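Data block below; observations after.
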Amino acid sequence: MDPYAVLGVQPGASPAEVSRAYRAKAKEWHPDVRGTEDALRRMAIINAAYEQIRDGKLPAAPEPAPVSRQPRRRRAGHWLADDVRRSLGAELLAALEPDEPVQLMTRTSTSASPQTVLAVTDRRLLWLLDDAISHRVRSLAFKAISAVEVRRRRRSTSVRVSRRRGRPVEFADLDEATATAVSRAVTEARR
């Protein structure tokens with residue numbers, strides 16, 4: 001019998017904590033309150049546990065289990081360069097599939113969020129809506145894309161990605177070279 005488990009306290013609990021736990025269990029299981037045989041047995045166990053802790057007569061601690069060598073867990077995105085992994089952040093790293101390379105990464109904006117991080121992998125577009133509360137990471141597989149269009153404006157360039165089903169996604173506030181690189185990567189991967 002583990003007296004600490006019986007009273008519901010942690011080993012090393014203060015005497016005041018042990019006394020409070022004992023009184024709470026005694027109120028709950030006292031035979032005058034419950035009036036059953038089970039309550040009598042339970043109250044005897046509670047009294048014995050309290051006495052063991054109070055008097056310091058605790059059973060010997062069990063032998064620790066042998067430490068097994070667990071395979072070392074690799075951190076997310078271990079196959080990526082350190083600077084790419086840091087730039088992606090924890091949420092985009094968690095969304096990557098094992099050994100999915102990131103070809104390009106940039107800051108952009110979408111209609112859903114003016115602060116978006118876009119990552120282009122070898123199989124899909126992944127983006128993080130930085131200021132969103134929920135559903136922050138989105139993805140679009142290249143096979144679900146029907147067209148990619150680069151739109152040039154006065155001050156910035158955007159990439160409009162049309163889906164086979166659903167509304168298009170537009171990544172805005174890009175410089176022309178980055179928008180062209182995103183468009184080229186998606187077009188080449190779709191072939």
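Everything quoted here is computed from the prediction, not taken from an experiment.
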Worksheet item: For the hydrophobic clusters of this structure (ILVMFWY residues joined by side-chain heavy atoms under 4.5 Å, transitively), does one cluster hold both L7 and W29?
Response: yes
Worksheet item: Donor-acceptor pair, S162 side chain versus P168 backbone, under 3.5 Å?
Response: no
Worksheet entry | Derivation and outcome, side-chain contact (heavy atoms from CB on, under 4.5 Å), residues L125 and F142 | CA-CA 7 Å; L125 296 174; F142 291 149; 4.0 Å; yes
Worksheet entry | N/O donor-acceptor pair under 3.5 Å between S139 side chain and L126 backbone | no
Worksheet entry | Closest contact, heavy atoms only, A179 versus V159 | O-CG2, 3.5 Å
Discussion item. Would you compute the distance between atom CG of L129 and atom CD of Q115 and round it to the nearest 0.5 angstrom?
Written reply: 10.5 Å
Worksheet item: How long is the span from the CE atom in M43 to the CD atom in E28, to the nearest 0.5 Å?
Response: 10.5 Å
Discussion item. Less than 4.5 Å apart, side chain to side chain, heavy atoms only: is that true for V84 and S87?
Written reply: no
Item to complete: To the nearest 0.5 Å, tell me how far S158 OG sits from E149 CD.
Response: 8.0 Å
Practice prompt. Answer whether the closest heavy-atom distance between the side chains of L118 and M105 falls below 4.5 Å.
Written response: no
Worksheet item: Under 4.5 Å between any side-chain heavy atoms of Y22 and N47, yes or no?
Response: yes
Discussion item. Between the side chains of E97 and R123, is the shortest nitrogen-to-carboxylate-oxygen separation below 4.0 Å, so that they form an ion pair?
Written reply: yes
Worksheet item: Can any side-chain N or O of S19 pair as donor or acceptor with the backbone N or O of P15 at less than 3.5 Å?
Response: yes
Fill in: Sequence neighbours excluded - salt bridge (charged side-chain N to carboxylate O under 4.0 Å, His left out) pairs with any residue from residues 163-175
R151-E170, R153-E170, R160-E170
Item to complete: Provide the closest heavy-atom pair for A39 versus P31 in the form atom of the first, atom of the second, distance.
Response: CB-CA, 4.3 Å
Worksheet, complete the sentence: Heavy atoms of T116 and S109 approach each other most closely as OG1-CA, 4.0 Å
Discussion item. Using the rule that Ile, Leu, Val, Met, Phe, Trp and Tyr join whenever any side-chain heavy atoms are under 4.5 Å apart, tell me whether L174 and I145 fall into a single cluster.
Written reply: yes
Worksheet item: Is there a chain of hydrophobic side chains (I, L, V, M, F, W, Y, each step under 4.5 Å between heavy atoms) that links V169 to V137?
Response: no
Discussion item. side-chain contact (heavy atoms from CB on, under 4.5 Å), that's the test. Do D122 and Q103 meet it? Break it down for me.
Written reply: CA-CA 7 Å; D122 65 341; Q103 298 173 348; 3.6 Å; yes
Discussion item. Within this structure, what is the CG-CD1 distance for the pair D2 and I53, rounded to the nearest 0.5 Å?
Written reply: 8.0 Å
Worksheet item: How many angstroms lie between NE2 in H30 and CG in L40, if you round to the nearest 0.5 Å?
Response: 9.5 Å
Worksheet item: If you look at every heavy atom in L80 and V102, which pair is closest and at what distance?
Response: CD2-N, 3.9 Å
Worksheet item: Got a donor-acceptor contact below 3.5 angstrom from the E17 side chain to the S14 backbone?
Response: yes
Worksheet entry | Test item: L140 and R124 side chains (from C-beta on) under 4.5 Å apart, heavy atoms | no
Worksheet item: Can you hop from V120 to L93 via hydrophobic side chains spaced under 4.5 Å?
Response: no
Item to complete: Provide the closest heavy-atom pair for E100 versus T121 in the form atom of the first, atom of the second, distance.
Response: OE2-OG1, 2.7 Å
Worksheet entry | Sequence-distant partners of F171, ring pair (Phe, Tyr, Trp, His ring centres under 6.0 Å), two or more places apart | W127
Item to complete: Hey, could you give me the CG/CG distance between L96 and L88, rounded to the nearest 0.5 Å?
Response: 6.0 Å
Worksheet item: Is any side-chain heavy atom of L104 closer than 4.5 Å to a side-chain heavy atom of V182?
Response: yes
